[in-house]
Amino acid sequence: MLLFRLCGKNVFPPNAISLLASLWEHIALRLYVGSLSYQTTEQELADLFGQVGQVVSATVITDRDSGRSKGFGFVEMSNDDEARKAIDQLNGTTLGSRQIIVNEAREKRDNSYGGNRGGGYNSRGGSSRGGSRSNDRGGYSSRGY
């Protein structure tokens, strides 16, 4: 109910709130499908998951440079119940010649470290052993080269 309030007032009429709440329970769930054969197509994924329920979308993830499959994909089912049924029925089954993994997809993790990652050899300053510059025996610049 807190999602539907703004500054202490209801943003939606009460009947709309109950309708939105019931829709929220049936929102499509995205599934991760792993251990796919590199030859698996999106149509094959859609056909397999279509045996369990209504498929909203099926995507095989490909390498952007080569266009080759990365061996995993995502399937979005029309509702939560069908998605959970797909996990129960299809996880560990065989598609092509591979035993596939099916579970609920997680949000993509942000692997950035805030701007320029920098790093690399001796990125903290000082010597490569982590000491301060005063203990450094000197490189090319301190020898006058």
Side-chain angles (χ1 to χ4, degrees), residues 1-7 10-133 135-142 145:
M1 290 300 271
L2 294 175
L3 294 174
F4 304 115
R5 291 182 171 257
L6 183 63
C7 299
N10 283 335
V11 177
F12 299 105
N15 60 345
I17 293 172
S18 63
L19 178 62
L20 288 171
S22 67
L23 288 173
W24 181 258
E25 293 173 4
H26 299 288
I27 287 180
L29 182 64
R30 190 170 181 196
L31 302 175
Y32 165 83
V33 186
S35 193
L36 294 175
S37 162
Y38 294 121
Q39 289 74 36
T40 301
T41 66
E42 292 176 350
Q43 187 61 53
E44 289 171 322
L45 267 184
D47 290 345
L48 177 66
F49 282 78
Q51 296 172 11
V52 177
Q54 184 178 353
V55 175
V56 175
S57 67
T59 307
V60 173
I61 303 303
T62 56
D63 180 80
R64 75 178 115 188
D65 295 330
S66 69
R68 292 179 43 193
S69 169
K70 288 189 169 189
F72 69 96
F74 297 96
V75 174
E76 192 173 359
M77 303 296 289
S78 65
N79 66 54
D80 191 55
D81 293 335
E82 290 179 352
R84 302 220 182 276
K85 187 176 169 184
I87 292 170
D88 292 341
Q89 291 185 10
L90 299 176
N91 186 38
T93 61
T94 302
L95 177 60
S97 61
R98 305 285 304 256
Q99 186 176 21
I100 62 171
I101 299 166
V102 181
N103 54 39
E104 189 174 333
R106 293 183 224 136
E107 290 294 318
K108 184 176 179 180
R109 290 188 293 188
D110 182 15
N111 289 333
S112 66
Y113 295 99
N116 184 4
R117 289 177 61 186
Y121 180 74
N122 204 14
S123 62
R124 290 184 293 187
S127 72
S128 61
R129 292 188 191 116
S132 68
R133 287 202 176 265
N135 292 335
D136 193 352
R137 290 197 273 175
Y140 289 110
S141 61
S142 64
Y145 293 111

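Model, not experiment: these values are computed from the prediction.
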Participant: Kindly compute the distance separating CZ (R68) from CD (Q39), expressed to the nearest 0.5 Å.
Facilitator: 9.0 Å
Participant: Do you know the tightest heavy-atom contact between M77 and F49?
Facilitator: CE-O, 3.7 Å
Participant: Could you check whether any side-chain heavy atom of L90 comes within less than 4.5 Å of a side-chain heavy atom of L31, counting everything from C-beta outward?
Facilitator: no
Participant: Does a side-chain heavy-atom distance below 4.5 Å link L45 with L36?
Facilitator: yes
Participant: In Å and rounded to the nearest 0.5 Å, what is the CD1 to CG distance from I100 to L48?
Facilitator: 5.0 Å
Participant: Identify, with sequence neighbours excluded, every residue that meets side-chain hydrogen bond (donor to acceptor under 3.5 Å, both in side chains) alongside Q99.
Facilitator: none
Participant: Let me confirm one number: the CD-CD distance from E76 to Q54, rounded to the nearest 0.5 Å.
Facilitator: 11.0 Å
Participant: Could you tell me which non-hydrogen atom of S37 sits nearest to which non-hydrogen atom of S69, and how far apart they are?
Facilitator: O-OG, 4.3 Å
Participant: OG1/T59 to CZ/F74 distance, rounded to the nearest 0.5 angstrom?
Facilitator: 8.5 Å
Participant: Any Lys/Arg nitrogen of D81 or K85 sitting under 4.0 Å from an Asp/Glu carboxylate oxygen of the other?
Facilitator: no
Participant: Which heavy atom of V102 sits nearest a heavy atom of N91, and at what distance?
Facilitator: N-OD1, 2.9 Å
Participant: Excluding sequence neighbours, so at least two apart, what forms side-chain hydrogen bond (donor to acceptor under 3.5 Å, both in side chains) with D47?
Facilitator: Q43
Participant: Quick check: closest heavy atoms across D65 and D63, and the distance to 0.1 Å?
Facilitator: N-OD2, 3.0 Å
Participant: Just verifying a value: how many Å separate Y32 OH and I87 CD1, rounded to the nearest 0.5 Å?
Facilitator: 13.0 Å
Participant: Give, for atom OG of S57 and atom CZ of R30, the distance between the pair rounded to the nearest 0.5 Å.
Facilitator: 7.0 Å
Participant: R98: which residues meet the side-chain hydrogen bond (donor to acceptor under 3.5 Å, both in side chains) condition with it, sequence neighbours left out?
Facilitator: S35
